[in-house]
Amino acid sequence: MESGVVDTVAFAQHAHLSFGTINQADWWTANLNPGTVNCPVVANIDAYEDLSDAHTARL
């Protein structure tokens, strides 16, 4: 987040505290319960947009 590579992250509260994302964030949502999150997904939008149509169709 600090370098501008990652815009958004979604972790459990303890992970945000561990990684310090709350200290870098412009905003956050408290008391959000999205259910069970097995694995966070972090994507670089520039890399995603550079994928071919065949690759994005699989996502």
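In this chain, numbering begins with 1 at the start of the sequence shown.
- Separation of atoms OG1 (Thr56) and CG (Asp50) is listed at 11.5 Å; rounding is to 0.5 Å.
- Residue His55 comes nearest to Ser52 through the heavy atom pair ND1-OG, 2.8 Å, listed as atom of the first residue, atom of the second, then distance.
- Remark: Asp46 CG to Glu49 CD distance equals 6.0 Å, nearest 0.5 Å.
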